[in-house]
Amino acid sequence: MTSSRLTVVSGPTAVGKGTVVSALARQHPELFVSVSATTRPPRPGEVDGVHYLFVSEAEFDRLVHDDELLEWAVVHGVHRYGTPKAPVVAAVEAGRSAILEIDLQGARQVKTSWPGARFVFLTPPSWEELVRRLVGRGTESAEQRERRLETARAELASQAEFDHVIVNGEVGQAVADLVSLVRL
Ligand code: 5GP
């Protein structure tokens with residue numbers, strides 16, 4: 001596919017990608033926001049088919065084997081995450097703009113497979129603030145947090161690969177910045 005109707009939002013753990021993309025989707029229901037498949041178990045409150053498609057290792061293998069994913073990656077060294085291809089293609093073919101919220105490895109794959117896509121990197125106001133948000137979220141063990149911060153360090157170093165960088169200091173402003181970049 002080649003279309004500027006695809007926007008990829010990436011950025012380090014706990015920077016608030018989910019919050020910013022959900023707020024964008026609420027303001028612009030005409031946008032298609034991709035629901036990823038993952039082998040990670042659901043966190044309390046997460047709903048299958050809404051936050052993620054929670055799949056088994058065998059089902060993820062099948063999705064990869066049958067070429068049903070636009071991209072996929074092992075994130076934070078543990079679970080697999082991937083973007084189901086058909087819903088994104090269908091949305092874009094229907095004239096909608098589509099948003100993917102994925103990690104750096106996935107963004108790099110989309111860069112190769114979808115020329116014309118736009119790449120946005122969400123960054124925290126500071127490293128200290130990122131650590132504060134991750135700890136404040138309280139959903140990870142100390143060991144998981146360490147692993148995520150390690151990935152975050154590498155991801156922050158990749159900003160130059162993206163078309164746009166948005167600092168997520170205040171959610172409303174970050175959403176407004178993102179709206180100005182997405183083809184509505
Ligand atoms: P979490 O487990 O906190 O929901 O997500 C962990 C990471 O996985 C986040 O950085 C998120 O951007 C990334 N992620 C979520 N869905 C996908 C996907 O479909 N593909 C890729 N490559 N990364 C994803």
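Order of listing sets the numbers, starting from 1, for every ligand and every atom in it.
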Using distance alone, determine whether [X] and ligand 1 share an N or O pair under 3.5 Å.
| X | value |
| --- | --- |
| Gly82 | yes |
| Ser36 | yes |
| His76 | no |
| Glu101 | yes |

*List for me each residue that meets ring-ring contact (aromatic ring centres under 6.0 Å, His included) alongside Phe32, sequence neighbours excluded, and say none if there are none.*
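Applying ring-ring contact (aromatic ring centres under 6.0 Å, His included) to Phe32 gives none.
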*Distance-only donor-acceptor check, side chains His79 and Thr38, under 3.5 Å*: no
*Within residues 100-110 or reaching into it, pairs that qualify as side-chain hydrogen bond (donor to acceptor under 3.5 Å, both in side chains) - sequence neighbours excluded*: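 Residue pairs passing side-chain hydrogen bond (donor to acceptor under 3.5 Å, both in side chains), neighbours aside: Asp103-Gln105, Arg108-Glu161.
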*Look at atom 22 (N) of ligand 1 and find which of Ile102, Leu104, Asp103 reaches it with the closest heavy atom.*
Asp103
Atom pair [atom1]/[atom2] of [X] and [Y] - distance to nearest 0.5 Å:
| X | Y | atom1 | atom2 | result |
| --- | --- | --- | --- | --- |
| Leu63 | Thr83 | CG | OG1 | 11.0 Å |
| Lys111 | Glu71 | NZ | CD | 14.5 Å |
| Glu46 | Tyr52 | CD | OH | 7.0 Å |
| Leu70 | Ile102 | CG | CD1 | 7.5 Å |
| Leu24 | Thr19 | CG | OG1 | 12.5 Å |

To which protein heavy atom is [atom] closest, and what is the distance rounded to 0.1 Å?
| atom | value |
| --- | --- |
| atom 3 (O) of ligand 1 | Arg43 NH2, 2.9 Å |
| atom 20 (N) of ligand 1 | Glu71 OE2, 2.8 Å |
| atom 7 (C) of ligand 1 | Val75 CG1, 3.5 Å |
| atom 2 (O) of ligand 1 | Tyr81 OH, 2.5 Å |

Please confirm whether [X] comes under 4.0 Å of ligand 1, counting heavy atoms of the residue only.
| X | value |
| --- | --- |
| Arg148 | yes |
| Thr13 | no |
| Arg40 | yes |
| His79 | no |

Suppose I only count heavy atoms of [X] and a 4.0 Å limit; which atoms of ligand 1 are within that range?
| X | value |
| --- | --- |
| Lys17 | 9 (C), 10 (O), 12 (O) |
| Tyr52 | 1 (P), 4 (O), 5 (O), 15 (C), 16 (N) |
| Gly106 | 22 (N) |

Strictly distance-based, threshold 3.5 Å: is any side-chain N or O of [X] a donor or acceptor partner for the main-chain N or O of [Y]?
| X | Y | value |
| --- | --- | --- |
| Lys17 | Val9 | no |
| Ser34 | Ile99 | no |
| Gln144 | Ser141 | yes |

*Report the part of Gln144 (side chain from C-beta onward, or backbone N, CA, C, O) that has a heavy atom under 4.0 Å from ligand 1; answer both or neither where that applies.*
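The answer is neither.
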*Under-4.0 Å heavy-atom contact with ligand 1, by part of Thr83 that carries it*: both
